[in-house]
There are 2 protein chains.
Amino acid sequence: MTQDQQQKLQQIRHSLAHLTVAAAKSLWPGTCNAIGPAIDDGFYQDFDFGTHTISEKDFPKLEKRMREILKHWKPFKEWEVSVEEARKMFANNPYKLELIEDFATKGQKITVNDPGNFLDLCRGGHSDNPKEDMKHFKLLSTAGAYWRGDEKKKMLTRIYGTAFFTDEDLQKHLTMLEEAKKRDHRKLGVELDLFTFSDLVGPGLPLWTPRGTLIRNLLNDFVWELRRARGYERVTIPHITKKDLYEKSGHWDKFKNELFRITTREEHVFAMKPMNCPHHIQIFKRQPHSYREMPQRYTETTMVYRDEQTGELSGLSRVRCITQDDAHVFCRQSQIKDEFLKVWDIIDAFYKAVGFSVLDVRLSLHDPKHFEKYLGTPELWKEAEGSLRAIATERAKQFTEAPGEAAFYGPKVDFMAHDSIGRQWQVATIQLDINMPERFDLTCVNEKGENERIVMIHAAIMGSIERFVSVLIEHHAGAFPTWLAPVQVQVLPVSTKHDRSAKKLTKLLLEAGIRVHCDDANETVGYKIRKAEKQKVPYMLVIGDKEAKLTKLAVRLRGQQKTKDMMVKKFVERVTKEIEKRK
Amino acid sequence: MTQDQQQKLQQIRHSLAHLTVAAAKSLWPGTCNAIGPAIDDGFYQDFDFGTHTISEKDFPKLEKRMREILKHWKPFKEWEVSVEEARKMFANNPYKLELIEDFATKGQKITVNDPGNFLDLCRGGHSDNPKEDMKHFKLLSTAGAYWRGDEKKKMLTRIYGTAFFTDEDLQKHLTMLEEAKKRDHRKLGVELDLFTFSDLVGPGLPLWTPRGTLIRNLLNDFVWELRRARGYERVTIPHITKKDLYEKSGHWDKFKNELFRITTREEHVFAMKPMNCPHHIQIFKRQPHSYREMPQRYTETTMVYRDEQTGELSGLSRVRCITQDDAHVFCRQSQIKDEFLKVWDIIDAFYKAVGFSVLDVRLSLHDPKHFEKYLGTPELWKEAEGSLRAIATERAKQFTEAPGEAAFYGPKVDFMAHDSIGRQWQVATIQLDINMPERFDLTCVNEKGENERIVMIHAAIMGSIERFVSVLIEHHAGAFPTWLAPVQVQVLPVSTKHDRSAKKLTKLLLEAGIRVHCDDANETVGYKIRKAEKQKVPYMLVIGDKEAKLTKLAVRLRGQQKTKDMMVKKFVERVTKEIEKRK
């Protein structure tokens, strides 16, 4: 889609929020509307329905009224009004009145719009052909949302919807949403027993069960294996620090609201780390480094903490405790390219093994209009962005450039994965940091015995393990590749008289290094099969009279009804090979 | 030593604090004394020397004056005085006056003492034969200490000293202290490049270098290997929680001052975890458990945080962030013994491999005089202590019982290691918890389909990895067994013309799974040897003309002057064997 098309679609979606309001007001008089923006993939509109309770059951009625009203809509007119006029126009809507007072205080201009029969307060950006352009819409869901995102304020009803240029696009999107619902990691995570949340611990703080931890560790061990082969070394840091570290690094300013702050009994101010780089820098700085010792490649998988608002939290996608598979390479200017390409190799190898064979590449640059958001000088940025562009040009099949997407300390190369239902997720990142080395005066002693300024590379392969596991669960719909499946083989004795054989087989497979579970519960084999299917175990071995001798096995593959006869040895070979090859 | 002897030695040491005061006041008039208790292995006395600065250089003079005064000392007299009398007696000492007002406010009685010529305020417990008993003493060191341990109050001078029954015991102790100084992990930790501290991060928060992290991971991986073989599974939790969890568990009360507290931007109160059990309990409680699934054995190596006072922090021995190799076994009453013995096996195997072959065993019981310090009923405690006593009786060669040393939720078995210079360290612990299962209503569904109350076992093998590594460094004086040495073999080319051979050998050893470092710096081989010796590398291989062909090697063992000729293959076999056998 071109940028123009994107903008037009946003205007259509935003205009639909107005249409939702017009219809709701006509159905339920006294309804007040709050904000209603376009968002990724659609729009939402917040309502105060007063004494009414509106749910998804009301959508057919609401959509019908929307279509009736839409017939009479003309291109939106937008015009400016005075504070006084605005106050009169929206005298019955306390939310609009609060916004009006805000605009007045800040001296911002106030605009209203009207598509023919419905006046609303709005900044603008609407459809210029409502009747035709706005008709491919659908309301999707409701949710609670605090007025102005502040949980001390009133809880409003948010209605989500979406719209597309064509009905075909709309239907495709709705099918994708249906599929996404089935794959929702919050639902599958419980069914597969990977993680849990506790009201006593609090939202946004997942607790990982043995099976979930196993997957995390398998993924993390694999990343470490790839890194170790490239000269990385592990380091270990605490999760807190005196604020002094972040004042020096600039994080105290940049992460202000998101920092969990601690005041000790001695009244020192500490913070929980939202990032690891300043701590790793302190390890680098413990002693001078000769050029012979460069690069120094430090890696650590460790949790960082961010004070997210409760309303923003969602499953593993948005959490307060984020496990990063972080790495920092301290290297000379002349080593940047080599080190970047090494990380790139790791990313390629890793994503192939977890089932994402193609990654999109994005070169994330600074926003030239808002240079104040970044550390450092334009010269430093120009040079850094130039060297990343050269690397991306050489290595990537293709890549896009995205001004405004850089980190505050330097430009980066981001990697985007496409999941099996067509969604795009930002995953790995390699960042070039030209500013922390300045701030912390990081150097090595070069061949001439002089202190030489070095650079830093920040590189995360999974990024947030929580978010990555959520993507992975939804991508595979919980059916992980064998090497990642918490249980690889489930052995199912048909009745108690087959228990002994089943246990013997279980022991044999265990000793072959296979993660195997014997389901010896006092249940029918049909029920046991359904349980194993629900847990998406790659292989099921039903042990009845025929299999009890443990020569030939009846192997049932995940997702298949028919079993396949296989000799025990062949079966072990097959599974072992899949594990070794990470399939 | 009997308990009587222990008490007598304490009285002697405490009386010596008074003697230090008497001597200091006579040498430096105007000196005020604050508190002066007996401590493990000696005593200390806090002073306000006014305008004088007293250092260890003054000790000969001070000790001489102490001996002069001691000649005239008689058995201590102790008697009670009124507040008014006390105020008059200590009118010139603001510290004593503050204590007197405290006692008065609390309605406590005030006692003074006098060994003949020196009146002091004191609770009592002194030598009854000063002239003879107090003569085997020695002053050791000075340090700064805040009045009442409060860093907002005045910094005083603390003088440490020690005393024994005989001169022989005193000399033995002084020799041990000399040796301990050489082994001080704070000094060796820097020389071996294992960890560092940063002023920006703050005290009590060690940053682990690649070599230090390697040792941590080797130790931790070994513990995990032992646990995995016994059915343990890893879980993962965040480092924070809502305070609700600790209100329910009782930690909010028990750990009050030591909890790092966080108030979020939404003004929720969170705490950093000082323990892991309540979090692990939430994982156990995620679903009902059949008796078939019991025991559930969760383990996690994770950091806990405690708000220790700055003055109490010391190297790795006392830190604010403690890495625990923690485990919690949720099991039925009938499984306690089996599970306890499994942990005991792990402890025996682990400590043997790290060089502590004998561990003392202590059964830590509740203090019957202060039952209010514990959760639960006397009946629960009696039963729990009984079952641990039975296990200890069966398994331990011998053990002592220690009332008052239990955890607040249950009795425990503690393990004490003796290091190579005779010091004793509490290391591993196995704890039986009868109270958390009550508080959190933990059950399994038993054979009859009923909910059955279970118990918990808390088990740490190293306990705090920080503290354990400090003990390990000092025990081995940094010369770790080969399997734990960060660098196992150092290759030292004599000159640049031997670099190629040296690098070839390095690659060969690396491929054999040996941690090898080639020191190709442009330095003399003598200097390189001294560096490797300082880093306590187990094996040095000097590569000169004779060795360049890489058939026969000149192997230099750690701590030995002479080299030993060895074929490359033999050498690799020897080192590999040591690594595999954890020697």
Side-chain angles (χ1 to χ4, degrees), chain A residues 151-152 193 196 198-202 205-214 216-217 233-242 244-245 248 257-258 260-266 268 270 272 278-280 282-283 285-287 290 292 296 298 300 303 305 307 309-310 319-321 323 520-521, chain B residues 151-152 193 196 198-202 205-214 216-217 233-242 244-245 248 257-258 260-266 268 270 272 278-280 282-283 285-287 290 292 296 298 300 303 305 307 309-310 319-321 323 520-521:
Chain A
E151 67 163 16
K152 275 167 258 154
D193 193 21
T196 187
S198 152
D199 286 343
L200 292 173
V201 174
L205 297 171
L207 302 161
W208 294 82
T209 63
R211 289 186 178 186
T213 302
L214 185 66
R216 286 169 61 103
N217 288 342
E233 298 179 293
R234 288 184 288 192
V235 293
T236 308
I237 60 172
H239 300 82
I240 57 175
T241 172
K242 276 162 65 182
D244 309 44
L245 184 67
K248 176 119 184 161
N257 288 323
E258 284 161 35
F260 280 121
R261 284 187 206 77
I262 299 158
T263 304
T264 70
R265 60 158 111 174
E266 292 166 355
H268 298 147
F270 281 74
M272 292 192 79
H279 278 88
H280 286 181
Q282 296 307 299
I283 296 180
K285 271 186 83 87
R286 75 191 182 282
Q287 60 188 32
S290 148
R292 290 170 187 270
Q296 292 274 309
Y298 298 160
E300 182 173 13
M303 289 179 183
Y305 286 83
D307 190 357
Q309 289 182 287
T310 308
V319 287
R320 286 183 167 135
C321 103
T323 314
D520 62 352
Chain B
E151 68 163 15
K152 277 167 255 152
D193 193 21
T196 185
S198 151
D199 286 342
L200 293 172
V201 174
L205 297 170
L207 303 161
W208 293 82
T209 63
R211 289 186 176 184
T213 302
L214 185 66
R216 284 170 61 103
N217 289 341
E233 298 179 294
R234 286 184 289 191
V235 294
T236 308
I237 59 172
H239 299 81
I240 57 175
T241 173
K242 275 162 64 182
D244 309 45
L245 184 67
K248 177 121 183 158
N257 288 323
E258 284 160 33
F260 280 121
R261 284 188 206 77
I262 299 158
T263 303
T264 70
R265 60 157 112 175
E266 291 166 355
H268 298 147
F270 282 74
M272 294 192 77
H279 278 87
H280 285 181
Q282 296 307 299
I283 296 180
K285 269 186 84 87
R286 75 192 182 279
Q287 60 187 31
S290 148
R292 290 169 186 273
Q296 292 275 309
Y298 298 159
E300 182 173 12
M303 288 179 183
Y305 286 83
D307 189 356
Q309 290 181 286
T310 309
V319 289
R320 286 184 168 133
C321 103
T323 313
D520 63 350

Value rounded to 0.5 Å, distance of [atom1] in [X] from [atom2] in [Y]:
X        : Y        : atom1 : atom2 : value
B/Glu266 : A/Asp307 : CD    : CG    : 7.0 Å
B/Glu300 : A/Trp208 : CD    : CH2   : 12.5 Å
A/Arg265 : B/Arg261 : CZ    : CZ    : 9.5 Å
B/Ile240 : A/Arg320 : CD1   : CZ    : 7.5 Å
B/Tyr298 : A/Thr213 : OH    : OG1   : 10.0 Å
B/Met303 : A/Thr236 : CE    : OG1   : 6.0 Å

Candidate pair A/Thr196 and B/Gln282, rule side chain to side chain donor-acceptor pair (under 3.5 Å), full reasoning: CA-CA 9 Å; A/Thr196 187; B/Gln282 296 307 299; over 6 Å; no
What residue in [options] has the most heavy-atom pairs under 4.5 Å with chain B?
options                                : result
A/Cys321, A/Pro238, A/Ala521           : A/Pro238
A/Gln296, A/Arg234, A/His279           : A/Arg234
A/Val201, A/Leu245, A/Asp520, A/Asn257 : A/Val201
A/Asp244, A/Thr310, A/Thr323, A/Ile237 : A/Thr310
A/Pro210, A/Pro206, A/Ser198, A/Gly202 : A/Pro210

Listed partners of A/Leu214 passing side chain to side chain contact (heavy atoms under 4.5 Å, CB included), at least two apart: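 In terms of side chain to side chain contact (heavy atoms under 4.5 Å, CB included), with neighbours along the sequence ignored, A/Leu214 is linked to A/Leu218, A/Pro486, A/Arg515.
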Between B/Leu205, B/Thr263, B/Val319, the one whose heavy-atom pairs under 4.5 Å with chain A are most numerous: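 The candidate making the most pairs under 4.5 Å is B/Leu205.
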Interface residue of largest heavy-atom contact number with chain A, from B/Arg216, B/Glu258, B/Lys248, B/His239, under 4.5 Å: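 Max contact count across the listed options: B/His239.
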Per-residue contact mode, A/His280 against chain B (heavy atom under 4.5 angstrom):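 Nothing of A/His280, per the 4.5 Å heavy-atom cut-off to chain B.
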Audit row: B/Ile262, A/Met272, side-chain contact (heavy atoms from CB on, under 4.5 Å) steps and yes/no: CA-CA 9 Å; B/Ile262 299 158; A/Met272 292 192 79; 3.6 Å; yes
Heavy-atom side-chain contact between A/Asp193 and B/Arg286 under 4.5 Å: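 Counting from C-beta outward, A/Asp193 and B/Arg286 do come under 4.5 Å.
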Ion pair A/Asp199/B/Lys242, N-O distance below 4.0 Å: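 Between B/Lys242 and A/Asp199 there is no salt bridge, as every charged N stays at least 4.0 Å from the carboxylate O atoms.
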